[in-house]
*Asks:* 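Can you read through this structure? Questions will come right after.
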Amino acid sequence: MKILVTGGTGYIGSHTVVELQKKGFEVIIADNLSNSSIDVVDNIGRITGVKPLFEKIDLSKEETTQDLFNRYPGLNAVIHFAAFKAVGESVMLPLKYYRNNLVSLMNLLREMETHGIRDIVFSSSCTVYGQPDVLPVNEAAPIKKAASPYGNTKQIAEEIITDVSKVTALQAILLRYFNPIGAHESALIGELPLGMPSNLMPVITQTAIGKREFLNVWGKDYNTPDGTAIRDYIHVVDLAQAHVIAIERMLEGKNKQNVEIFNLGTGIGYSVLDVIKSFERTTKVKLAYRFMERRLGDVEEVWADTEFANQELGWKAQQGLDEMTLSAWNWERKLAGM
Ligand code: UD1
């Protein structure tokens, strides 16, 4: 089975390619390397023994996308990760986000139809729930108005896929990720943010290694047990494995609807201080952190109801917070040549 993985050199994409190849899938990666490195292709090869095919391609260009599909006949399915994901940047540069994230999806869907490719797994986000009224949040919870253009691209993309599936053969599984962190146990692949990252885990590891002076904890006056915001952190390898199950589900015709939606989280909420404590405990490194004002656009608390994914996909996240924080640290150390 041949799977096209867009954004396959990115953080979640690269871990998914590893899991696909471990299961015997043949992978073609399409990525424009705008936020990843070509070295990832070799490192996937070192982990799995198979170097995936790689195409440096901008999917927001129609002709380039057409050409890609023409050159790879016989694709069985697509996993679509390729997208910009920096929330703050999306507020400053909305058109960059709408054009890249939505045009590339539309180009892909058109080529899939032209070439008779039915199945797509799409990277969505728990950001579509905003601050949920009920926790844990399940897939039937209402979609809240997006707080950023980035979040809006995820909502609109879900709608585009759903609309197209009504009038074509398209089948989709939309995976709503909670907060993926951690890295592959080999420390050969991990999160490689270009520029200054703003997500919690890379900020923690960069502070610990000395690339930053402080970790700013955004807000200590939330209505939570320790006052810091709560998220559902999930190990990126657990997340990657869910993609393989989702693809197999559609390829084997086990999906029950044209478009299915699953939350991917652990079902456990941890505060920012919980993550810091786990990091300090597992790595024995003390973090320099200080409390600051809340970050604009942050929700107070969100964690997943994972019942549907557990039951229907037969998938459950296996790794705990300590494994996540330790693997993230091992990756940061490897990057630093330690
Ligand atoms: C958000 C979205 C997620 C999206 C991601 C992309 C929600 C609930 N989640 O994740 O869907 O994919 O952006 O970037 O909308 N924090 C600090 N100090 C830091 C960095 C973070 O205290 O330097 C705190 C944040 O305030 C937050 C938690 O750590 O409470 C996690 O933050 P982050 O890793 O940025 O992810 P989200 O904002 O939850």
Side-chain angles (χ1 to χ4, degrees), residues 7 10-13 35 81 83-92 97 101 122-132 135-137 141 143-155 157-158 174-182 191-208 211-236 239 263-266 269-279 287-304 321 324-325 328:
Y11 175 44
I12 305 171
N35 194 22
F81 293 104
F84 293 147
K85 61 171 185 178
V87 178
E89 186 190 45
S90 80
V91 175
M92 302 312 295
Y97 276 69
N101 292 8
F122 176 70
S123 301
S124 190
S125 168
C126 71
T127 196
V128 303
Y129 300 122
Q131 177 59 63
L135 287 169
V137 60
I143 301 294
K144 297 274 176 75
K145 185 167 169 40
S148 70
Y150 158 78
N152 211 17
T153 66
K154 292 296 175 192
Q155 295 190 5
E158 286 197 357
L174 313 178
L175 298 176
R176 291 180 179 160
Y177 311 149
F178 283 68
N179 287 56
I181 59 171
E191 189 169 7
L192 190 69
L194 292 188
M196 281 300 246
S198 56
N199 292 111
L200 180 62
M201 202 64 235
V203 172
I204 287 180
T205 57
Q206 288 198 350
T207 307
K211 287 185 191 163
R212 294 171 182 248
E213 209 176 340
F214 291 106
L215 158 65
N216 294 319
V217 176
W218 304 124
K220 62 167 179 184
D221 59 349
Y222 284 105
N223 188 20
T224 59
D226 67 19
T228 64
I230 292 178
R231 298 286 183 274
D232 184 338
Y233 297 92
I234 173 168
H235 198 297
V236 66
L239 193 77
N263 281 345
L264 296 184
T266 63
Y270 287 110
S271 71
V272 177
L273 287 179
D274 288 334
V275 180
I276 291 173
K277 279 185 215 143
S278 163
F279 181 86
L287 272 173
Y289 64 90
R290 57 184 181 185
F291 292 102
M292 305 294 278
E293 292 295 303
R294 293 181 182 195
R295 186 172 66 178
L296 210 68
D298 272 350
V299 301
E300 184 162 81
E301 51 181 1
V302 61
W303 63 91
L321 184 60
M324 302 181 211
T325 54

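In listed order, ligands and their atoms are each counted from 1. FYI, side chains are in, hydrogens and waters are out, and symmetry mates aren't considered; it's all heavy atoms of this structure. No experiment lies behind these values; they were computed from the predicted model shown. Each residue takes its place number in the sequence, starting with 1.
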*Asks:* Does F291 have any side-chain contact (heavy atoms from CB on, under 4.5 Å) partners at least two apart in sequence or in another chain, and if so, which?
*Replies:* V217, K220, T228, L273, Y289

*Asks:* Any heavy-atom pair between the side chains of F84 and N35 that's under 4.5 Å?
*Replies:* no

*Asks:* Looking at W218, is its backbone amide N or carbonyl O close enough to the side chain of E293 to form a donor-acceptor pair, meaning the two atoms are under 3.5 Å apart?
*Replies:*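 It does not hold such a pair.
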
*Asks:* Could you tell me which residues satisfy side-chain contact (heavy atoms from CB on, under 4.5 Å) with T266, sequence neighbours excluded, listed by chain and number?
*Replies:* D232, I234, I268, A317, M324

*Asks:* Please output the residues near ligand 1 using a strict heavy-atom distance under 4.0 Å, listed in chain and residue-number order.
*Replies:* K85, V87, S125, C126, T127, Y150, N179, S198, N199, L200, V203, L215, N216, V217, W218, A229, R231, Y233, V272, R295, D298, V299, V302

*Asks:* Sequence neighbours left out, what passes side-chain hydrogen bond (donor to acceptor under 3.5 Å, both in side chains) with R176? Give chain and number order.
*Replies:* Y129, E158

*Asks:* Verify whether one side chain among T224 and S271 offers a donor that lies under 3.5 Å from an acceptor in the other.
*Replies:*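 Note: T224 and S271 side chains miss the donor-acceptor criterion.
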
